[in-house]
Q: 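My questions all concern the structure below.
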Amino acid sequence: MPIHYNEKTKEFHLQALDVSYIFTILPNNQLGHLYYGKQVRHRENFSHLLRYQSRGYTPAVYEGNHEFSLDLTLQEFPAYGTTDYREPAYQILQENGSRITNFEYKTHTIYQGKPKLDGLPATYVEMDEEATTLEVTLEDSLLKAEIKLLYTTFEHSSVITRSAKLSNFGEQRLNLTRALSSSVDLRDANFEMIQLSGAWIRERHIKTRKLERGIQGISSTRGASSSQHNPFVALKRPETTEHSGEVYGFSLVYSGNFLAQIEVDHYDVTRLTMGINPFDFNWLLESGESFQTPEVVMVYSENGLNDMSNTFHKLYRTRLVRGEWRDKDRPVLINNWEATYFDFNEEKICTIAEEAKHLGVELFVLDDGWFGKRDNDTTSLGDWFSDKRKLPNGVEGLARKIEELGLKFGLWFEPEMISKESELYKDHPDWLIQVPDRKLSPSRNQYILDFSRSEVVDHIYKQMEAVLAHAPVSYIKWDMNRNMTEIGSLHFPSERQREIAHRYILGVYDLYERLITRFPHILFESCAGGGNRFDPGMLYYAPQAWTSDDSDAIERLKIQYGTSMVYPLSTMGAHVSAVPNHQVGRKTDLDIRANVAYFGMLGYELDVTKMSTEEKIKMSKQITFYKEHRNLIMNGTFYRLQSPFADDGNITSWMIVSEDKQEALVGYYRVLARPNPGYKHLLLQGLAAEKQYRIVGRSQTFYGDELQNIGLLLEKEFSGAESSEDRIVGDFVSKVYKISAVE
Ligand code: DGJ
């Protein structure tokens, strides 16, 4: 879609599928925002959208012109300190103590394609025709500094991405005390804000609140994007539902401390700023240096939250996730963590793997405990060599045995961490994230390696490379089990200490990049005690993420439903585990555990050797079913039908539909049985109105429009005196319907 620039009126008009985004060069040569929303026809002049009016108690930009004040103007990349009092996109502390800047339009270019961002993850194109990019360069002539604003529109979706690069071409040293990626001023405040918030084992729960005057927002200060708040917010109209109404979604492609802030001002203008959290941040920009901010992905939809999610899903599945595994069928795996924890040896592992292979599993993943002397979580992180007590033939010997069984082999690492009881700590006590003369706070008995130092990243790379070069490893689970405290580096001078959290994340990205370049066949799954760093930044390197350490089917309904607000099913690791569940102690049957895990990348995390014959038969059938539908689950369009976050929350349902609308899977889940309910219809989505569909197991066929408008009649629920096979009875019950178009 085109990006227009009108020389006469000095206006930019970006058009993506259903979207228009318009900004202009203001009379003071700074950038002003005009409109972001549903697409409008291009015209040569939108200057009537700029309204100037003199108001009391408002400072003006120029003497003799009381009408032009930034306080009254929508801004494109705002600064604080002249006439705009809202929180800015950036702030630069200069050697004379001043924080006042004046970045004026200098030049711009528009071209096909999308550039890479130095050292940072970002969405990409495979062919230049897929996207159009606008680069606007602003200059502060006093400082001899530039800001380059980058905008990309994608050809076939309502996506606009943004980032900014700040460069110092002057003599003095500049301190960036705030360097956000984007700022958008929307013309009213009639919105509700949606955020994905939670904690360990209850990640990404959907929260909604009405915008109010003042500042509201979410952020992370933990050194990781966190499970407390995902780096995503949406602004929806109060009447917007899953399937109708306006919504703006903002997702940050970054894995560290972030801020997503919404300020509603005194005229009900809404400013949404997003980027690296300015709290505890400062970046020293020496003469000749540049600072690249992470990318913000903005999605607009006039068709509800689900449509916004689908746009994110498609973009992230096809143009954020990279490499061989992007489009390949992901293997059904078995992971030994909840089966053995640290207590295993080669024989035990091989027995589990062999049994799993018989049941159809394709990949065995050896979790924590294979290295150093790690019998519990107090030791050995950083010592990435095999523990010969448990694995006499090393990881290499075990991996070969697993391959001989006909399975692929996967391995757990926690590259960013160190235990004080380790060889690595003995040799390099200064390699921890730390500040001088202060005690360090432990978490899970471990500490964080200072990945802001390239020699630390090099060392871990070499250790991992040595393992991976010799053992046939097809998959890596990259874990990260604590957040930062006492943030600092012994390597950097005092004025750079507030750079460390960001430098650390750049180090993590660097290690990922080196490993995937050296081992392109390995499938990476990111993990952070489950979903404590499930973000788009990670997905650029690791196509899937361990969604949560909570493997309970009922808790997973909320976690997976919330996660789907931004992330496609192909990114969500979902495992069937043993009961009573290890996180919440709940007992659910094997059917619902699989029926939930099917809507993700399926794995098993239990000791198959302890399962009954009946359970094994079930598991084998489940895997066969999953493999038959794996392509649909990975690449289909996902629809949320009934929300576990609704008032009652007793029912969750969702479905996935193939691109050609020939087949679909519907998941229906009920938490608790309710006495004597009425008959229920489930309104489906995404089918072709004119196609006839068969619900597998039922004799009748139905047109798509009937299934979507009248609904799919569900099984009877009433248990009463009689019982029959096709009834949904009891607590924690579920059903997966397979729907196929009739030729
Ligand atoms: C946390 C992960 O989320 C678990 O799946 C497991 O890998 C443990 N760490 C191992 O320490």
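Remember, it's 1-based here, ligands and their atoms both numbered in the order they're listed.
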Q: Any salt bridge between Glu513 and Arg322, counting N to O under 4.0 Å?
A: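 Looking at Glu513 and Arg322, the cut-off is met.
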Q: Give the residues near ligand 1 by chain and number, with the criterion being a heavy-atom distance under 4.0 Å.
A: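 Close residues (ligand 1, cut-off 4.0 Å): Trp337, Asp367, Asp368, Trp412, Arg444, Lys477, Asp479, Asn481, Cys527, Gly529, Gly530, Trp546, Asp549.
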Q: So, Phe625 versus Tyr598, ring centres under 6.0 angstrom or not?
A: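 Yes, close enough.
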Q: Sequence neighbours left out, what passes side chain to side chain contact (heavy atoms under 4.5 Å, CB included) with Glu614? Give chain and number order.
A: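 Listed in chain order: Ser612.
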Q: Among Phe413, Phe524, Phe519, exactly one meets ring-ring contact (aromatic ring centres under 6.0 Å, His included) together with Tyr512. Which residue is that?
A: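 Exactly one candidate clears the test, Phe524.
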Q: Using 4.0 Å as the upper bound for N to carboxylate O, is an ion pair formed by Glu404 and Arg400?
A: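 Glu404 and Arg400: not salt-bridged.
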Q: Does Lys477 pair with Asp367 as a salt bridge, N-O distance under 4.0 Å?
A: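 The answer is yes: the pair qualifies as a salt bridge.
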